[in-house]
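Along the sequence shown, residues carry numbers from 1. Please read these numbers as outputs of a predicted model, since none were measured by experiment.
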Amino acid sequence: MEIITFARLLGEREYRFPHTYNIIYMSEKIIPEYIFEASWEVCNMVGGIYTVLSTRASVLQEQHPDKLVFIGPDVWEGKKCQYFTETPQEHAEWKAYTQATYSLAIRTGRWNVPGNPIAVLVDFRPLFAKKNDIYGHVWERFGTNSIAAYGDYDESSMFGYAAGMVVESFYRHYGLSPKQHVVAHFNEWQTSFGIYYIKEHLPEVATLFTTHATSIGRSIAGNNKPLYNYLNEYNGDQMACELNMVSKHSTEKTAAHVADCFTTVSNITAVECAQLLEKAPDVVTPNGFEDDFVPKGRAFTQKRKEAHNLLRRVAETLFGYRLDDNALFVGTAGRYEYKNKGLDVFMESLKRLSEMNPARQVVAFFVIPAYIDRKRLDLAYCLEHPDTPLNSNNRYTTHDLHDFAHDPIMGAIQWFHLDNSEAERVKVVFIPSYLDGQDGIFNKKYYDLLIGLDLTVFASYYEPWGYTPLESVAFSVPTITTDKSGFGQWVSRTPQGIEHSVGVIRRSDYNGPEVATRIAEMINEFASYDEATIKKLRKKASAIAEKALWKHFIRYYEQAYDIALRKRLTVND
């Protein structure tokens, strides 16, 4: 038996807690026979959790063939879901039982991801008629405060509750028993009501709850309040009141306390949980990755060449002049959270980089979905007719924005006087469209462009894990990130620095200018490397990604299942 103190696991010297948290890993784990996992992002690609679940599915399906069931919201209103293949005859009797007994319509099929696990989409809308009764009952039994709910709280909570009902329906219909060791795993506050349902109606099933980022921590950071320097002074309940997050925080905090096993995805988020939710995770389950879709050999070389040429062609058409043959393509991507994703310091770093007069031209691509009107028709026309020059003052965006004047990236471009002139060594291209392969300009998915970059920058201020830098190294693209991302902390255990293919920059509440300078210095250094050095760094990047494959990280989930099942066994005994 190995005992790991939570304080040692965190490795965060700047935080002090009044207690020491212990995680006990048993030498012989209890293995679940059935695993149910619910998330708003099952068969619904809206964020990073989709990547977490969809890439992990293959390993779990291999270990628990067809005894792994994912549950997602049926938000498609009867229409076809591109991520889901429905199999109407599969589990037909169970579907009928669920409709008759629980008044819930479900669709069964397969999730179109590696492993093709069983997936269930549940129509939770019938529960809206009962939501006040459900909220009142959950308040009385668990103390979750739904009175201040607004926005997406209702549909999320009703989906979570419905997911719990789906688990019970399967359990009852197929005659499962406690001897079979069943676990139900719920992700994020959106599914927390499923835990409450299971606790009351199916206590023989062990429950897990994972927060991928605390709702109140993200809100503190997003509202420009200092999260790190003052974290041990914050009270989560008080901040929830101040930031109008009472119900989301309440349901997340309650779920963390009542679940049989509470997990989060990184050490840095574990610190948040202990302070803001007043509950330390039972185990940290870092996000792994699968490289099934990363091309190999000649296919990789060909796809990289295609992507690099396309990025060059769009940039040159936009700028109105040819770039140097050895121009360095640097990229960033993610949700449009200007501070949290580090877009502010990256933009500032480009101005500093331009003052350093880098050895190579640098083109920075911002792949940040924003509020767009449509593809730029003039740009699309010029791409189709290469001899036609672009007649526009907009030399920055590939798509038309609804509001150029108030867009943060456009504002920063003007503030730092990054005019994309031919004489400037540093240029900016803003790609504000979601890259789904049908954006009208690139018509490629994100990964099919990522492979064409030379370097990426993800200078996050708030990033519980950080798939974007991990995806980057998986495609052999060296990256720069910060120690305020879970991935940044994880990779810091190995030699790091841009000379090792991953540069990790220390970030705090107040050192933005320092971060901008360090990013500029790292890009400038990278621009000075010869082709042989860069080739070695690309190989190092791929080697780092291999260490984060799910085959290495799945053991943390096995520990989480074991903790939950042991607790259930203790309670039931």
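- Ring centroids of Phe366 and Phe346 are separated by less than 6.0 Å, placing the two rings close together.
- Checked for salt-bridge contact, Glu316 and Arg312 meet the test: a charged N lies under 4.0 Å from a carboxylate O.
- Side-chain contact check for His399 and Asp373: no donor-acceptor pair (N or O, by modelled atom type) lies under 3.5 Å.
- Here Trp465 contributes atom CH2 and Ile268 contributes atom CD1; the two are 11.5 Å apart, rounded to the nearest 0.5 Å.
- Of the possible donor and acceptor atoms, one in the side chain of Arg360 sits under 3.5 Å from a partner among the backbone N and O of Asn326.
- Of the candidates Lys248, Glu252, Glu188, Glu252 is the only one forming a side-chain hydrogen bond (donor to acceptor under 3.5 Å, both in side chains) with Ser215.
- Ion pairing between Lys484 and Glu463 fails under the 4.0 Å rule for side-chain N and carboxylate O.
- Residues Thr517 and Met356 share a closest heavy-atom pair of O-CE, 4.3 Å.
- Comment: Arg425 engages Asp324 in a salt bridge, judged by a side-chain N to carboxylate O separation of less than 4.0 angstrom.
- Residue Gln438 qualifies as open at atom CD: its count of foreign heavy atoms under 6.0 Å is 12 or below.
- Atoms NE2 and CG, on His249 and Asn244 in that order, are 13.0 Å from each other to the nearest 0.5 Å.
- A cation-pi contact, defined as under 6.0 Å to the ring centre and within 45° of the axis, is absent between Lys547 and Phe553.
- Note that the NZ atom of Lys539 and the OG atom of Ser476 stand 10.0 Å from one another [nearest 0.5 Å].
- His308 contributes no side-chain N or O that, together with a main-chain N or O of Arg304, makes up a donor-acceptor pair within less than 3.5 Å.
- Note that OH of Tyr50 and CH2 of Trp111 are 5.5 Å apart. Values are rounded to the nearest 0.5 Å.
- The pair Arg56-Glu37 meets the salt-bridge criterion, since a charged nitrogen lies less than 4.0 angstrom from a carboxylate oxygen.
- Checked for salt-bridge contact, Glu77 and Lys79 miss the test: no charged N lies under 4.0 Å from a carboxylate O.
- Ring-centre distance between Tyr336 and Tyr371: not below the 6.0 Å cut-off.
- Between the Asp509 side chain and the Asn229 main chain, a donor and an acceptor come within less than 3.5 Å of each other.
- A salt bridge is absent between Asp292 and Lys551: the closest approach of a Lys/Arg side-chain nitrogen to an acidic carboxylate oxygen does not fall below 4.0 angstrom.
- Distance check, rounded to the nearest 0.5 Å: CZ of Phe319 to CG of Leu390 gives 11.5 Å.
- Side-chain N or O atoms of Arg507 include one that pairs as donor or acceptor with a backbone N or O of Ala459 at under 3.5 Å.
- The environment of Lys375 atom NZ is sparse: at most 12 non-hydrogen atoms of other residues, nucleotides or ligands sit within 6.0 angstrom.
- Trp189 and Ser156 share no donor-acceptor pair across their side chains, judged by distance under 3.5 Å alone.
- Using modelled atom types, one finds no donor on one side chain facing an acceptor on the other under 3.5 Å when comparing Glu41 with Tyr83.
- In this structure, a donor-acceptor pair under 3.5 Å is absent between the side chains of Thr214 and Thr211.
- Under a 3.5 Å cut-off, the side chain of Ser472 and the backbone N or O of Thr479 do not form any donor-acceptor pair.
- Ion pairing between Glu306 and Lys303 fails under the 4.0 Å rule for side-chain N and carboxylate O.
- With hydrogens and angles left out, the side-chain atoms of Asp154 and Ser157 include no donor and acceptor closer than 3.5 Å.
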